[in-house]
Number of protein chains: 2
Amino acid sequence: MTTIKDIAKAAGVSVTTVSRALNGYSDVSEKTRKKIIDIAKQLNYSPNTLARSLVMNKSKTIGLLVSGMTRSAVKDNFTFEVMTGVNDYIAKTDYDVILFNTNSTKQREKTYSQLCRERRVDGVILQGIKTDDPYLTEVVESDIPCVLIDIPIQSDRVGYVTTDNVYGAKKAVQHLLELGHRNIAMMNGHDYAFVSKQRLQGFYEAMEEANVPIRKEWVVNGDFSEEMAEARAYELFTNEPNITAIFCASDLMALGVMKALKQLHLRVPDDVSVVGYDDILLASYVSPALTTVAQNKFQMGYEAASMLIDMLEGNEAKVVTLRTQLVVRESTAEVKKG
Amino acid sequence: MTTIKDIAKAAGVSVTTVSRALNGYSDVSEKTRKKIIDIAKQLNYSPNTLARSLVMNKSKTIGLLVSGMTRSAVKDNFTFEVMTGVNDYIAKTDYDVILFNTNSTKQREKTYSQLCRERRVDGVILQGIKTDDPYLTEVVESDIPCVLIDIPIQSDRVGYVTTDNVYGAKKAVQHLLELGHRNIAMMNGHDYAFVSKQRLQGFYEAMEEANVPIRKEWVVNGDFSEEMAEARAYELFTNEPNITAIFCASDLMALGVMKALKQLHLRVPDDVSVVGYDDILLASYVSPALTTVAQNKFQMGYEAASMLIDMLEGNEAKVVTLRTQLVVRESTAEVKKG
DNA sequence: CTGAAAGCGCTAACAC
DNA sequence: GTGTTAGCGCTTTCAG
């Protein structure tokens with residue numbers, strides 16, 4: 001493989017001159033520059049970024065650490081959309097992205113910051129990490145610039161992008177209230193997700209403002225899993241026949257809930273209204289189409305990448321909160337009288 | 001950031017010894033090794049893979065070059081599933097993956113092999129590349145180990161994984177023939193996809209073996225796009241009302257076809273039977289659920305990664321052909337008599 | 001069992 | 001404008 005040394009020899013100059021010429025420094029005569037560039041082309045030269053990174057002490061790579069790259073997560077293309085957004089922004093820069101995943105054996109032995117430091121990534125985007133993940137604190141407290149998705153931790157090296165979860169959930173529940181529902185349940189995710197707490201809060205706020213009493217036993221956790229949500233919903237609706245509507249903290253769980261309702265011969269939306277969260281692809285394809293709170297996942301990735309690159313260029317870590325949108329489809333309807 | 005030099009100093013040994021101890025060489029006394037490992041831990045040492053890669057002349061990274069990471073491709077989670085398969089295999093190795101995309105400005109100036117050489121990836125997996133892509137030949141003829149997905153090029157450095165496209169298409173068309181259809185159309189992709197040619201061949205074989213005449217004007221290209229397929233299908237079914245069934249080279253196109261049929265007030269499967277290809281997530285969720293030829297995309301990625309790593313360890317490039325499976329759902333039915 | 005020294009390909013003072 | 005030199009952090013002969 002050709003090196004600048006080879007070029008230097010061929011051009012009869014020193015490696016310094018080659019380096020400078022190729023990197024567009026001004027203090028090289030146009031004549032030598034042209035010659036060097038010609039020879040480089042001729043020799044099919046590619047710079048060795050490893051060597052460059054080593055000496056410059058920055059690699060021009062960012063890490064993308066996701067938890068959702070699993071076979072079972074294919075239904076939930078959240079991760080993929082975020083990744084696409086990241087990719088889209090990064091494509092416009094001179095950075096490349098290196099993919100880490102949290103669910104490998106490899107990772108279990110190494111902390112996130114170790115992963116990052118070994119590859120000398122300049123910064124990292126984290127997605128799908130649980131708030132109780134011990135490695136989360138570890139990487140956030142390291143000196144690696146981080147952008148978190150849906151985890152509200154901030155410092156001079158750590159920013160995050162999220163959506164208006166409280167407000168999003170509130171709008172969803174208000175929609176149910178406006179339809180006349182009073183007996184509203186909630187299928188939440190789990191205690192280790194920031195968004196779960198936020199969406200629960202939105203639920204509470206909406207209910208309280210409408211002076212509708214909250215039944216704590218009507219709020220259950222489905223662990224963001226379709227199967228778990230189905231099982232929980234089956235129990236819930238079996239024991240509590242008065243519930244007329246349910247707000248789910250994710251579309252995938254809403255799908256599970258709808259399956260349970262079908263088994264119990266309860267019709268959506270005639271007997272029970274269902275609202276989801278996320279607006280995954282399936283939401284508009286299932287029958288009945290799911291009313292849900294749409295998040296712009298693509299943009300979340302895009303903003304995260306943008307913020308990270310900004311940070312690497314000396315700007316401050318920020319907080320970006322994107323707006324969500326209630327998308328009313330077919331899974332919600334007015335409560336039946338009596 | 002701690003280096004082996006720091007450790008050497010702290011332990012009172014040379015850097016050589018540190019390197020050997022940390023890499024598990026046998027010619028270090030247990031005592032010094034333990035000491036060194038302790039100090040390394042204490043100093044929170046992470047090896048600098050850049051430096052290591054530079055001197056070892058291999059980076060322990062593979063490139064993943066995909067074309068399908070675009071906002072519009074989200075419906076078609078083909079890319080994501082392949083990526084997940086790749087990721088799953090790689091997670092078990094000591095390699096990391098670096099993501100390249102074909103649709104960036106960055107890339108338009110650099111060839112694929114340049115991208116690879118600059119980052120010194122040890123090998124690369126290519127997915128979603130058109131057969132007429134000039135950079136394809138370029139990377140395949142370089143000395144970089146490649147595994148291609150759905151492109152049949154082989155050499156000592158290039159292997160590929162694909163599925164039994166001819167047979168898969170044949171089964172799909174035979175299914176239609178068995179249902180009594182004779183007036184069968186095909187919505188193909190484009191001329192720059194290997195799979196299009198193969199699937200077309202399968203279509204021909206099935207028709208010929210059944211002694212059913214082929215109408216060339218009933219075979220159209222939808223460019224693997226939902227919108228394009230919709231437009232083409234609209235024309236086709238407007239002009240050719242005798243067609244009773246259509247085989248599509250992708251599910252996404254099948255979706256487009258179904259939209260066109262709906263507009264034309266043709267019912268699926270009562271008036272027209274539709275078969276897709278891929279078995280994307282949506283196939284089982286649309287109504288009517290799509291009969292299709294299922295490919296194991298996850299496994300394609302997994303096998304590709306496995307082959308590449310094998311090659312990097314000295315084994316030969318191979319060809320892996322995975323089996324497809326006809327999944328009969330609701331979009332196909334017996335042809336209506338007379 | 002351990003160390004000295006060279007070198008991977010590149011950049012960056014510093015001199016001329 | 002251009003060259004000399006040192007050094008990024010690591011591995012690897014080669015001596016001892």
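Numbered from 1 within each chain, the chains take letters A, B, ... in sequence-line order.
Contact between the side-chain N/O atoms of B:T32 and the OP1/OP2 oxygens of C:dT2 is found at a separation under 4.0 Å. Proximity of B:S14 to the phosphate of C:dT2: no side-chain N or O atom is located under 4.0 Å from OP1 or OP2. One finds no side-chain N or O of A:T49 lying less than 4.0 angstrom from the OP1 or OP2 phosphate oxygen of C:dC10.
By the 4.0 Å N-to-carboxylate-O rule, A:D94 lies close enough to A:K60 to be salt-bridged with it. Ion pair A:R119/B:D96 flagged as a salt bridge, since at least one NZ, NE, NH1 or NH2 atom sits closer than 4.0 Å to an Asp/Glu carboxylate oxygen. With respect to A:K110 and A:E118, a salt bridge is recorded, a charged nitrogen being found less than 4.0 Å from a carboxylate O.
For the helix from C:dC1-D:dG16 to C:dC16-D:dG1, the angle separating the two terminal helix axes comes to 40°, with each axis derived from five pairs and the value rounded to 10°.
A straight line from CG of B:D6 to C1' of D:dC10 spans 13 Å, rounded to a whole angstrom. Between A:N57 atom CG and D:dC10 atom P the separation is 12 Å, expressed in whole Å. At whole-Å resolution of the value, NZ in B:K5 and P in C:dG3 are 16 Å apart. The distance between atom CG of B:L50 and atom C1' of D:dC10, rounded to the nearest whole Å, is 11 Å. Across the protein-nucleic acid pair, B:K58 atom NZ and D:dC10 atom P stand 18 Å apart, rounded to whole Å. B:I7 has its CD1 atom 14 Å from the P atom of C:dG3, to the nearest Å. Rounded to an integer number of Å, the gap from A:L54 CG to D:dG7 P is 14 Å. Distance, A:E30 CD to D:dG1 P: 9 Å, rounded to whole Å.
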**Asked** With the sugar-phosphate defined as primed atoms, P, OP1 and OP2, and the base as all remaining atoms, what B/S/- string results for nucleotides 11-16 of chain D, 5' to 3', for protein heavy atoms under 4.0 Å?
**Response** BBB---
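The cationic atom of B:R20 (NZ for Lys, CZ for Arg) does not lie both less than 6.0 Å from the six-membered ring centre of B:Y25 and within 45° of the ring axis.
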Could you list the donor-acceptor pairs under 3.5 angstrom formed by side chains in residues 308-317 of chain A, with sequence neighbours left out?
unit_1 : atom_1 : unit_2 : atom_2 : d
A:N315 : ND2    : A:D310 : O      : 3.4

Would you give me the side-chain donor-acceptor pairs under 3.5 Å for residues 7-17 of chain A, sequence neighbours excluded?
unit_1 : atom_1 : unit_2 : atom_2 : d
A:S14  : OG     : A:T16  : N      : 3.4
A:S14  : OG     : A:T17  : N      : 3.4
A:S14  : OG     : A:T17  : OG1    : 3.2

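Listed by chain and residue number, nothing satisfies the ring pair (Phe, Tyr, Trp, His ring centres under 6.0 Å) test with B:Y45 (two or more places apart in sequence, or in another chain). Remark: B:Y160 engages no residue in a ring pair (Phe, Tyr, Trp, His ring centres under 6.0 Å) (not counting sequence neighbours).
Residue-level contact check: B:D27 touches the bases, meaning some heavy atom is under 4.0 Å from a base atom.
Remark: the A:T111 side chain and the A:E138 side chain contain an N/O donor-acceptor pair separated by less than 3.5 Å.
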